[in-house]
Number of protein chains: 2
Amino acid sequence: MSPKDSTAATRAALLEAARVEFAAKGVAGARVDTIAERAGVNKERIYGHFGSKEKLFDAVVVTALDQVTEAVSMPGKDAADYVGRLYDYYREHPDLVRLLMWEALHYGGEKLLPGQERRVDKCGRKTVSLAEGLGREPSPQVARTMLMLIGMAMWPTAMPQLNRIFLGADGAADHDAMRDSVLEFVRAALD
Amino acid sequence: MSPKDSTAATRAALLEAARVEFAAKGVAGARVDTIAERAGVNKERIYGHFGSKEKLFDAVVVTALDQVTEAVSMPGKDAADYVGRLYDYYREHPDLVRLLMWEALHYGGEKLLPGQERRVDKCGRKTVSLAEGLGREPSPQVARTMLMLIGMAMWPTAMPQLNRIFLGADGAADHDAMRDSVLEFVRAALD
DNA sequence: ACGGTAGCCAACCAACTAGTTGGATGTCAA
DNA sequence: TTGACATCCAACTAGTTGGTTGGCTACCGT
């Protein structure tokens with residue numbers, strides 16, 4: 001393997017290992033030694049590639065968001081269908097939801113992560129797509145609707161303890177019913 | 001102050017200091033020394049009263065939830081109004097939202113906190129109240145709706161970075177507009 | 001062939017941390 | 001008055017942790 005490939009492979013292994021650890025434990029709870037061991041790489045390489053534990057976390061969040069943008073296409077004409085696809089993606093990738101929650105708690109709305117302009121741009125295009133699907137002009141109102149749709153899709157995955165409390169263990173496990181309820185709610189709200 | 005009052009005062013001071021620290025930093029990020037210092041109490045008293053850092057966290061979450069139940073009454077006849085009141089409460093008490101998020105991340109849906117049966121019971125009564133307000137029988141469907149309403153109320157406070165990204169700094173700061181959008185969405189969904 | 005450098009490593013370090021310990025003080029019941 | 005005990009404290013402990021250091025190896029350009 002050429003040095004360039006070796007470097008890229010080390011970086012990729014660290015990002016993947018870090019993603020697992022940060023999703024599970026958050027920034028403060030994650031252990032750098034654990035990340036390095038899981039990646040099969042020396043701990044010093046974390047500092048060589050990323051500079052610090054927190055910057056590694058930043059890189060993980062940015063990378064993860066790129067992946068969801070790739071995986072779930074634009075809202076399009078059927079906003080409820082979009083929410084359903086998003087809901088499914090979050091259900092299948094709870095680590096992404098958890099990373100966003102850790103990010104929210106760790107930074108609040110204060111810090112713009114590296115590449116945040118790209119993130120803003122991508123999300124802006126989602127709002128444009130939603131506006132088109134609703135037969136409206138892009139506007140702050142449509143942006144807020146976009147935000148609420150994402151919340152509807154993410155909430156059940158984000159707060160499992162509330163599912164348990166309100167729905168009971170069986171109800172919490174009935175994801176199809178939850179999905180149907182979310183879509184019904186969204187369809188009713190948008191019509 | 002009698003010993004009984006002194007003990008109660010120590011415990012209350014620790015809970016309040018812990019609430020601040022856990023809301024800000026989570027379980028792994030919080031520092032026991034910081035909690036003790038903020039409470040003006042010796043660190044050993046944390047272990048004397050609560051047993052461990054994690055049990056202190058549990059006590060904080062339980063206490064905080066008792067407070068929101070006291071502060072925001074039942075859904076009643078106007079579900080959208082209820083969502084508005086809840087939205088306002090979460091806006092004014094972001095530490096509660098953060099505690100719930102830390103709880104979600106730390107435990108997932110796996111652990112039932114002490115007194116969870118009371119919590120389940122209280123939340124169940126909310127579902128009953130919502131059902132009455134909607135002119136329906138209590139059911140899993142209504143419970144899911146209850147969950148979604150709470151999510152609608154909490155989401156903007158929970159994920160400030162998404163507000164920034166979708167709405168921009170100015171849009172994120174326009175809480176009245178956000179509140180109006182949430183209520184409009186909810187009213188449309190429930191009618 | 002050789003010098004410079006990138007990428008990597010094992011070992012280290014200084015600071016931090018949750019939890020414990022031995023003892024002091026005040027209260028209370030006998 | 002005295003012994004037991006609850007509540008509290010300062011100091012301690014053993015382990016942990018993010019980050020650093022000195023050095024090695026392989027690659028590359030001259």
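Heavy-atom basis, side chains included; hydrogens, waters and symmetry copies ignored.
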OP1 or OP2 of C/dG7 versus the side-chain N and O atoms of A/Thr7: is any pair under 4.0 Å?
yes
Whole-Å gap separating P (D/dG18) and NZ (A/Lys55)
16 Å
Does A/His49 make a side-chain N or O approach to OP1 or OP2 of C/dG7 shorter than 4.0 Å?
no
Expressed in angstrom and rounded to an integer, what is the separation of A/Glu37 atom CD from C/dC9 atom P?
13 Å
What integer distance in Å separates B/Arg45:CZ from C/dT21:C1'?
13 Å
Flag yes if more than 12 heavy atoms outside B/Lys25 fall under 6.0 Å of its NZ atom; otherwise flag no.
no
One should read off an interatomic distance between B/Ile165 CD1 and B/Met159 CE, to the nearest 0.5 angstrom, of 9.5 Å
From A/Ser181 atom OG to A/Met152 atom CE, the distance as rounded to the nearest 0.5 Å:
9.0 Å
Base, backbone or nothing for each nucleotide of nucleotides 14-20 of chain C, written B, S, -, heavy atoms under 4.0 angstrom, 5' to 3'?
---SBBB
With rounding to the nearest 0.5 angstrom, report the CG to CZ distance, A/Leu190 to B/Phe185.
5.0 Å
Check whether any side-chain N or O of B/Asn163 sits under 3.5 Å from a backbone N or O of B/Pro156 as a donor-acceptor pair, and report yes or no.
yes
Check this one for me: any side-chain N or O of A/Thr10 less than 4.0 Å away from OP1 or OP2 of C/dG7?
no
Ring pair (Phe, Tyr, Trp, His ring centres under 6.0 Å): pairs with one or both residues in residues 10-52 of chain A, sequence neighbours excluded:
A/Phe22-A/Phe57
